[in-house]
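Note that this is a predicted model, so its numbers are computed, not measured. Residue numbers start at 1 and run along the sequence shown.
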Amino acid sequence: MRVEIWSDIACPWCYIGKARFEKGLAAFAHRDEVEVVHRSFELDPHRAKGDTGPVLEMLAKKYGRTLDEARAMEAHVASNAHAEGLEYLTDGRDHGNTFDIHRLLHLARERGRQNELLDLAYRANFAEERSVFDEGTLVALGVEAGLDEAEVRAVLADATAYADAVRADEREAAELGATGVPFFVLDRRYGVSGGQPAEVFTQALEQAWQGRALQPVGAADAEAEACGPDGCAVPPHA
């Protein structure tokens with residue numbers, strides 16, 4: 001079975017959803033026969049490269065909230081992350097264009113190091129004070145993931161390298177009806193949206209393995225938060 005996961009490094013529910021999916025996969029009897037492929041989805045594709053800014057200010061502006069309310073939103077996400085054993089910084093992070101990260105993830109996939117790079121990039125973005133929008137950080141992350149430094153630098157220096165692969169992933173997401181991420185596709189037959197609980201993923205894997213139709217699973221549920229072009233699921237005003 002192949003599971004394809006559309007996600008973005010800037011999406012906190014993708015970070016959390018990956019951890020939940022992996023727990024769900026670990027409980028699946030045929031887990032060793034599942035191939036997982038991570039695909040590209042940019043939440044802010046029109047943001048210019050190099051245009052970065054503090055996450056809290058971005059959240060306050062996007063949702064019309066105060067900075068204190070933005071901090072409360074981040075605290076809500078952090079509590080979900082911590083419940084999955086993930087570290088999460090609620091302040092001090094930045095936000096920007098993720099196109100270069102996606103290009104490197106395609107290189108990493110060719111070299112068999114995609115999952116390693118993805119985990120490192122998520123951790124750098126959400127749990128460490130390392131900007132994934134800085135070229136030096138991306139080079140360091142690529143090397144930590146086991147990629148050749150010269151090859152990483154060559155990809156970053158050539159804006160066309162793997163650009164078509166990123167765009168192809170994004171076109172496929174649109175064709176499959178994905179309007180937000182994380183978005184999970186099982187054997188190109190079944191879709192699961194949002195950062196669902198681990199047991200939902202286990203059930204989905206079991207049903208897909210047996211060839212049965214899945215029950216509809218949407219991102220509107222409280223435990224299925226997702227991010228889309230208009231933003232991420234956030235708690236209501238206090």
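- Glu116 contributes atom CD, which lies 11.0 Å from atom CG of Leu105 (distance to the nearest 0.5 angstrom).
- For the pair Ser40 (side chain) and Val166 (backbone), a donor-acceptor distance under 3.5 Å is absent.
- Asn97 places a side-chain N or O within donor-acceptor distance of the main-chain N or O of Arg47, the cut-off being under 3.5 Å.
- Ala121 and Leu141 get closest at one heavy-atom pair: CA-CD1, 4.1 Å.
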Evaluation steps, side-chain contact (heavy atoms from CB on, under 4.5 Å), between Val152 and Leu138: CA-CA 8 Å; Val152 171; Leu138 290 182; 5.7 Å; no
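- Grouping Ile, Leu, Val, Met, Phe, Trp and Tyr by side-chain contacts under 4.5 Å, direct or through others, puts Leu67 with Leu56.
- For residues 98-123, the pairs satisfying ring pair (Phe, Tyr, Trp, His ring centres under 6.0 Å) are Tyr15-Tyr122, with sequence neighbours left out.
- In the hydrophobic clustering of this structure, Leu176 groups with Leu43; members are Ile, Leu, Val, Met, Phe, Trp, Tyr whose side-chain heavy atoms approach within less than 4.5 Å, directly or through other members.
- Here the shortest heavy-atom pairing between Gly211 and Arg189 reads CA-NH1, 4.1 Å.
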Go through it in stages, so that I can follow the logic: the residues are Arg20 and Asn80, the test is side-chain hydrogen bond (donor to acceptor under 3.5 Å, both in side chains), and I'd like the CA-CA distance, side-chain angles, deciding distance and then a yes or no. CA-CA 10 Å; Arg20 291 174 175 172; Asn80 279 266; 3.1 Å; yes
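- Not one N or O on the side chain of Asp187 forms a donor-acceptor pair closer than 3.5 Å with the backbone of Met1.
- Put simply, the side chain of Arg103 gets close to the backbone of Ala161: a donor and an acceptor are under 3.5 Å apart.
- Among residues two or more places apart in sequence or in another chain, the ring pair (Phe, Tyr, Trp, His ring centres under 6.0 Å) test is passed with Phe184 by Phe21, Phe201.
- A salt bridge (Lys or Arg N to Asp or Glu O under 4.0 Å) check over residues 5-18, counting only residues at least two apart or in different chains, returns the pairs Lys18-Glu22, Lys18-Asp119.
- The shortest heavy-atom contact between Ala108 and Leu117 is CB-CD2, 3.8 Å.
- Residues Arg65 and Leu59 are not in side-chain contact: their nearest non-hydrogen atoms beyond the backbone lie 4.5 Å or more apart.
- For Ala204 against Leu186, the heavy-atom pair with the smallest separation is O-CD2, 3.6 Å.
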If you look only at distance, which donor and acceptor atoms sit under 3.5 Å apart when one is on a side chain in residues 85-92 and the other is two or more places apart or in another chain?
residue: Tyr88; atom: OH; partner: Glu74; partner atom: OE1; Å: 3.0
residue: Tyr88; atom: OH; partner: Glu74; partner atom: OE2; Å: 3.2
residue: Tyr88; atom: OH; partner: Arg93; partner atom: NH2; Å: 2.8

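- Arg31 contributes a side-chain N or O that, together with a main-chain N or O of Phe28, makes up a donor-acceptor pair within less than 3.5 Å.
- With sequence neighbours left out, the side-chain contact (heavy atoms from CB on, under 4.5 Å) criterion links Ala75 to no other residue.
- Scored by the side-chain hydrogen bond (donor to acceptor under 3.5 Å, both in side chains) test, Arg188 finds Glu4, Glu172 as partners (sequence neighbours excluded).
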Gln203/Leu205 under side-chain contact (heavy atoms from CB on, under 4.5 Å): CA gap, chis, key distance, verdict: CA-CA 5 Å; Gln203 181 184 35; Leu205 289 163; over 6 Å; no
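- Environment of CD in Glu35: crowded, with over 12 heavy atoms of neighbouring residues, nucleotides or ligands closer than 6.0 Å.
- Qualifying side-chain hydrogen bond (donor to acceptor under 3.5 Å, both in side chains) partners for Arg167, counting only residues two or more places apart in sequence or in other chains: Glu42, Glu170.
- Residue Asp164 places its CG atom among 12 or fewer non-hydrogen atoms of other residues, nucleotides or ligands, all under 6.0 Å distant.
- Taking OG of Ser131 as the start and CG of Asn125 as the end, the distance is 7.5 Å to the nearest 0.5 Å.
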Report the C-alpha distance between Val77 and Phe126 in whole Å, list the side-chain angles of each, state the deciding distance to 0.1 Å, and finish with yes or no for side-chain contact (heavy atoms from CB on, under 4.5 Å). CA-CA 11 Å; Val77 178; Phe126 292 110; over 6 Å; no
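- Applying the side-chain contact (heavy atoms from CB on, under 4.5 Å) test to Arg123 and every residue at least two apart in sequence or in another chain returns Leu120, Ala127, Glu128.
- Looking at Trp6, its side chain does come within 3.5 Å of a backbone N or O of Asp169 through a donor-acceptor pair.
- For the side chain to side chain donor-acceptor pair (under 3.5 Å) condition, the pairs that include at least one residue of residues 48-60, sequence neighbours left out, are Lys49-Asp100.
- Taking 4.5 Å as the limit, every side-chain heavy atom of Lys61 sits out of range of all side-chain heavy atoms of Met58.
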Working note: Tyr162 + Val155, criterion side-chain contact (heavy atoms from CB on, under 4.5 Å); need CA distance, chi angles, decisive distance, verdict. CA-CA 8 Å; Tyr162 298 99; Val155 168; 3.8 Å; yes
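- Of all heavy-atom pairs between Pro12 and Cys227, the closest is CD-SG, 3.8 Å.
- Listed for the Thr66 side chain is a donor-acceptor partner under 3.5 Å among the backbone atoms of Glu69.
- With sequence neighbours left out, the side-chain hydrogen bond (donor to acceptor under 3.5 Å, both in side chains) criterion links Asp134 to Thr137.
- Two residues are said to be in side-chain contact when any heavy atoms from C-beta on lie closer than 4.5 Å; Ile9 and Leu118 meet this criterion.
- With contacts defined as side-chain heavy-atom distances shorter than 4.5 Å, the pair Leu25/Val36 qualifies.
- Nearest heavy-atom pair across Lys23 and Ala198 is CB-CB, 3.8 Å.
- At a threshold of 4.5 Å between non-hydrogen side-chain atoms, the residues Leu156 and Arg153 do not count as touching.
- Atom CZ of Phe41 and atom SG of Cys11 lie 9.0 Å apart (nearest 0.5 Å).
- For Thr160, the side-chain contact (heavy atoms from CB on, under 4.5 Å) partners at least two apart in sequence or on another chain are Asp158.
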